[in-house]
Amino acid sequence: VQLQASGGGLVEPGGSLRLSCAASGRLFRFDSMAWYRQAPGKQRELVASISPVASTVYADSVKGRFTISRDNAKNTIHLQMNSLKAEDTAVYYCKRFGVVDIWGQGTQVTVSS
């Protein structure tokens, strides 16, 4: 299994970005997936997760602003990020939960004016 994250970039406060994570190699629709982020000097933290039946969990800091979704036909998850703040600046990683967790390579999100 490989995960390829994309969609990061530079955005002004209040703006939006949509991250994507494409999975390959197995039966994606049975996997729980998640987005994590890691800011400089901080530990990696869970942003949002989504189960095989599309149940979702969000960090308190992003509730109401971020939405995680999945497209099983395209083996892809997305993270729609709205009302971005400077404190959302981080490298964002997607992850597949399993006996051995699989991580994507990370995509940089910078929120700055």
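None of the values given here were measured: they were computed from a predicted structure.
Residue pairs meeting the ring pair (Phe, Tyr, Trp, His ring centres under 6.0 Å) criterion with at least one partner in residues 77-108, sequence neighbours excluded, are Tyr36-Trp103.
Looking at Asp31, its side chain never comes within 3.5 Å of a backbone N or O of Met33 through a donor-acceptor pair. No donor-acceptor pair under 3.5 Å is formed between the side chain of Arg70 and the backbone N or O of Ile77. In terms of modelled atom types and a separation under 3.5 Å, the side chain of Thr89 and the main chain of Glu87 share no donor-acceptor contact. Between the Thr107 side chain and the Gly8 main chain, a donor and an acceptor come within less than 3.5 Å of each other.
A continuous path of hydrophobic side-chain contacts links Val62 to Val11 [ILVMFWY only; heavy atoms under 4.5 Å]. Residues Ile102 and Ile50 fall within the same hydrophobic cluster, defined by Ile, Leu, Val, Met, Phe, Trp and Tyr side chains chained together at heavy-atom separations under 4.5 Å.
In this structure Arg18 satisfies the salt bridge (Lys or Arg N to Asp or Glu O under 4.0 Å) test with no other residue, sequence neighbours excluded. For the side chain to side chain contact (heavy atoms under 4.5 Å, CB included) test, residues two or more places apart in sequence or in another chain that qualify with Lys63 are Tyr58, Asp60. Ser51 meets the side chain to side chain contact (heavy atoms under 4.5 Å, CB included) test with Ser32, Val53, Ser55; sequence neighbours excluded. Remark: Ser16 pairs with Asn82 by the side-chain hydrogen bond (donor to acceptor under 3.5 Å, both in side chains) rule, at least two apart or across chains. Judged as a side-chain hydrogen bond (donor to acceptor under 3.5 Å, both in side chains), and not counting sequence neighbours, Gln4 has no contacts.
Residues Asp88 and Ser83 approach most closely at OD2-O, 4.4 Å, considering heavy atoms. Considering all non-hydrogen atoms of both residues, Pro13 and Ser113 come closest at CD-N, 3.7 Å. Arg37 and Ala90 make their closest contact through CB-CB, 3.8 Å (heavy atoms, listed as atom of the first residue, atom of the second, distance).
For the pair Arg96 and Phe28, the cation-pi test (distance below 6.0 Å, angle within 45°) is failed.
To the nearest 0.5 angstrom, Ser61 atom OG is 9.5 Å from Leu46 atom CG. One finds the CD1 atom of Ile68 at 6.5 Å from the OG atom of Ser49 (value rounded to the nearest 0.5 Å).
Within the 4.5 Å cutoff, the side chain of Cys21 has no heavy atoms near those of the Gln105 side chain. Side-chain contact check for Met81 versus Val109: some heavy-atom pair is nearer than 4.5 Å.
Looking at Leu19, Val47, Leu17 one by one, the single match for side-chain contact (heavy atoms from CB on, under 4.5 Å) with Phe66 turns out to be Val47.
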Decide side chain to side chain contact (heavy atoms under 4.5 Å, CB included) for Glu12 and Val111; before the verdict, give the C-alpha distance in whole Å, the side-chain angles of both, and the deciding distance to 0.1 Å.
-> CA-CA 5 Å; Glu12 293 185 347; Val111 184; over 6 Å; no
